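The structure presented is a predicted model; accordingly, all values stated were derived computationally and were not measured.
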Amino acid sequence: MNFRRIAVLLAASVVLPFGAAQATDLEVTHWWTSGGEAAAVAELAKAFDATGNKWVDGAIAGSGGTARPIMVSRITGGDPMGATQFNHGRQAEELVEAGLMRDLTDVATKENWKEIVRPSSLLDSCTIDGKIYCAPVNIHSWQWLWLSNAAFEKAGVAVPKNWDEFVAAAPALEKAGIIPLAVGGQPWQSAGAFDVLMVAIAGKDVFHKVFKDKDAEVAAGPEIAKVFKAADDARRMSKGSNVQDWNQATNLVITGKAAGQIMGDWAQGEFALAGQTAGKDYSCLPGLGVNEIISTGGDAFYFPLLKDEEKSKAQEVLASTLLNPATQVAFNLKKGSLPVRGDVDLAAANDCMKKGLDILAKGNVIEGTDQLMSPDSQKQKEDLFSEFFANPSMTPEDAQKRFVDIIASAE
């Protein structure tokens, strides 16, 4: 039986757990607006529509930093949507504590989420006071360096196998008129790049001491100083990117105008949409080729409390649909992420996804910083690295001092 046949058969099971009594429109808000993201979210809409309900798309452009305040404002202002995307972690914590979000424990128990969701930290991030408040849909890992094979061929240098080789190739790339490293202007991009550099250069233990234990002494130490030196290299190599959105930076790599990008595995959706093949047109280095560890953050859907009984029933159907095996396969193959179910067939995964699956199977994982720090602390970190990458006069030493202050007061 082939992969497509399996997907077709599994799709029929979407409606079994919670059949819809009648067609109900349900608005779903999210920030997936790039080409690759739109193709992926269309798979979720198609699966939900197949239950007899109707996915009403509420896409908000500008990525999470722009979308989340709008989503929160609507929920707290009495105009809730049917479901909304947040990242795994603490972004909806205050909404849950205010009694504005729906408890999904009954759905999760009936469908045995605790047994099928892997790693368990994903469902832990949905759990507050023993109750489950969200449906995880994917595992997104930040720890990737995406490389344009054509750019390195034009520059006459081999495609690097690790971060140090990439930095060493920068002069040849620049001589060939190629931007070594594409970094967009959104603050979360530069902050994320720093987090990736920390795991690659300082290692998992140091990463946890800083972001999980909030150890300011370690943040002020020599290991983090090395990370800031690497961030300084990244800043120099990214000069000339001159784009704002992350997918615009990815497009610089796709078109060979830039040689590489530190970005999460969602970048694969853009490569796929451009018809590029992993291992042929582009290469990927998990953990920057230095320390093959991936984070297990990602996206989850939360469901605001609604007064409309039919819409509340549709929420249950959507929660079930999101974790359906066929939905998990179809969505994640388009998104470039890994499924949250450990029991689905991903024979169609490309070379880079297979690398991620292998790392996940080995247990070489860390939690995402969204799971370890409050939204306010994350925002402070983003502001720091946005300024650092935009302002060459800020020294790595000065930036590290400010970083220490953020960690010392982090929640």
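At a threshold of 4.0 Å, the pair R402-E387 counts as salt-bridged, since one of the basic side-chain nitrogens sits closer than that to a carboxylate oxygen. A salt bridge links K313 with E310; the closest basic N to acidic carboxylate O contact falls under 4.0 Å. With respect to D233 and R236, a salt bridge is recorded, a charged nitrogen being found less than 4.0 Å from a carboxylate O. A salt bridge is defined here as a Lys NZ or Arg NE, NH1 or NH2 lying under 4.0 Å from an Asp or Glu carboxylate O, and R102 with E316 meets this definition. In this structure, D351 does not pair ionically with K355, as no charged nitrogen and carboxylate oxygen lie closer than 4.0 Å.
In this structure a side-chain-to-backbone donor-acceptor pair under 3.5 Å is missing from T105 to K131. When atom types are taken as modelled, the side chain of N324 and the backbone of A326 share a donor-acceptor pair closer than 3.5 angstrom. Of the possible polar contacts, one joining the E37 side chain to the T33 backbone as a donor-acceptor pair under 3.5 Å is found. Judged by distance alone, the side chain of N291 and the main-chain N or O of V199 form a donor-acceptor pair under 3.5 Å. A donor-acceptor pair under 3.5 Å links the side-chain atoms of S148 to the main chain of A151, judged by distance alone. Without hydrogens or angle criteria, Q328 side chain to L322 main chain gives a donor-acceptor distance under 3.5 Å. Under the 3.5 Å distance criterion, the side-chain polar atoms of N87 are matched with a main-chain donor or acceptor of G298. Remark: side-chain polar atoms of R235 are not paired, donor with acceptor, to backbone N or O of F389 under 3.5 angstrom. Side-chain N or O atoms of D245 include none that pairs as donor or acceptor with a backbone N or O of G184 at under 3.5 Å. Checked by atom type and distance alone, the side chain of K214 pairs as donor or acceptor with a backbone atom of K212 at under 3.5 Å.
A169 approaches F152 most closely through the heavy-atom pair CB-CE2, 4.1 Å. Residues I139 and R118 share a closest heavy-atom pair of CD1-O, 3.4 Å. For the residue pair A193 and I262, the shortest heavy atom distance occurs at CA-CG2, 4.0 Å. Nearest heavy-atom pair, A249 versus Q189, reported as atom, atom and distance to 0.1 Å: CB-OE1, 4.4 Å. What you find for L285 and P160 is that their closest heavy atoms are CD1-O, 3.7 Å. Closest approach of A47 and T321 over heavy atoms only: CB-CG2, 3.6 Å.
Between the OG atom of S312 and the CG atom of L305 there is a distance of 8.0 Å, given to the nearest 0.5 Å. Here I70 contributes atom CD1 and I75 contributes atom CD1; the two are 12.0 Å apart, rounded to the nearest 0.5 Å. To the nearest 0.5 Å, the span separating CD on E367 from CG on L122 amounts to 9.5 Å. One finds the NZ atom of K209 at 13.5 Å from the NZ atom of K204 (value rounded to the nearest 0.5 Å). The OG1 atom of T250 sits 6.0 Å away from atom CZ of F271, with the distance rounded to the nearest 0.5 Å. Here the CD atom belonging to Q268 is positioned 4.5 Å from the CG atom belonging to N350, to the nearest 0.5 angstrom.
The closest side-chain heavy-atom distance from D215 to I407 is not below 4.5 Å. Counting only heavy atoms from C-beta outward, the side chains of I179 and N242 never approach each other to under 4.5 Å. In this structure, V218 and V206 have side chains that are in contact, with non-hydrogen atoms separated by less than 4.5 Å. In this structure, E270 and N251 have side chains that are not in contact, with every pair of non-hydrogen atoms separated by 4.5 Å or more. For the pair P396/K229, no side-chain contact is recorded, criterion being any heavy-atom separation below 4.5 Å from C-beta on. Side chains of E292 and N364 form no contact here, defined as non-hydrogen atoms less than 4.5 Å apart. L26 places a side-chain heavy atom less than 4.5 Å from the side chain of K311. Looking at heavy atoms from C-beta onward, D49 lies in side-chain contact with K54 at the 4.5 angstrom threshold.
A perpendicular orientation is assigned to the rings of F228 and F403, their planes being inclined by more than 60° (bins at 30° and 60°). Taking the six-membered ring where the residue is Trp, F211 and F207 present perpendicular rings, their angle passing 60° and hence far from 30°. Between F331 and W32, the angle of the ring planes lies from 30° to 60°, which puts this pair in the tilted group.
Side chains of W246 and S63: a donor-acceptor N/O pair is absent below 3.5 angstrom, by distance only. Checked by atom type, the side-chain pair D299/Q85 shows a donor-acceptor distance below 3.5 Å. A donor and an acceptor atom, one from each side chain of Q378 and D370, are located under 3.5 Å apart. The closest side-chain donor-acceptor pair between D265 and S337, if any, does not fall under 3.5 angstrom.
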Let me see the working for M394 and L384 under side chain to side chain contact (heavy atoms under 4.5 Å, CB included), right down to the final yes or no. CA-CA 10 Å; M394 181 187 290; L384 168 60; 4.2 Å; yes

Working note: L104 + Y133, criterion side chain to side chain contact (heavy atoms under 4.5 Å, CB included); need CA distance, chi angles, decisive distance, verdict. CA-CA 5 Å; L104 296 176; Y133 287 92; 6.0 Å; no

Test side chain to side chain contact (heavy atoms under 4.5 Å, CB included) on Q315 and N53; report intermediate values, then the result. CA-CA 10 Å; Q315 287 179 321; N53 294 287; over 6 Å; no

Show your reasoning for whether salt bridge (charged side-chain N to carboxylate O under 4.0 Å, His left out) applies to K379 and E382. CA-CA 5 Å; K379 179 66 166 57; E382 288 178 0; over 6 Å; no

Run the numbers on V107 and W113 for side chain to side chain contact (heavy atoms under 4.5 Å, CB included), then give the verdict. CA-CA 9 Å; V107 179; W113 287 3; 4.0 Å; yes

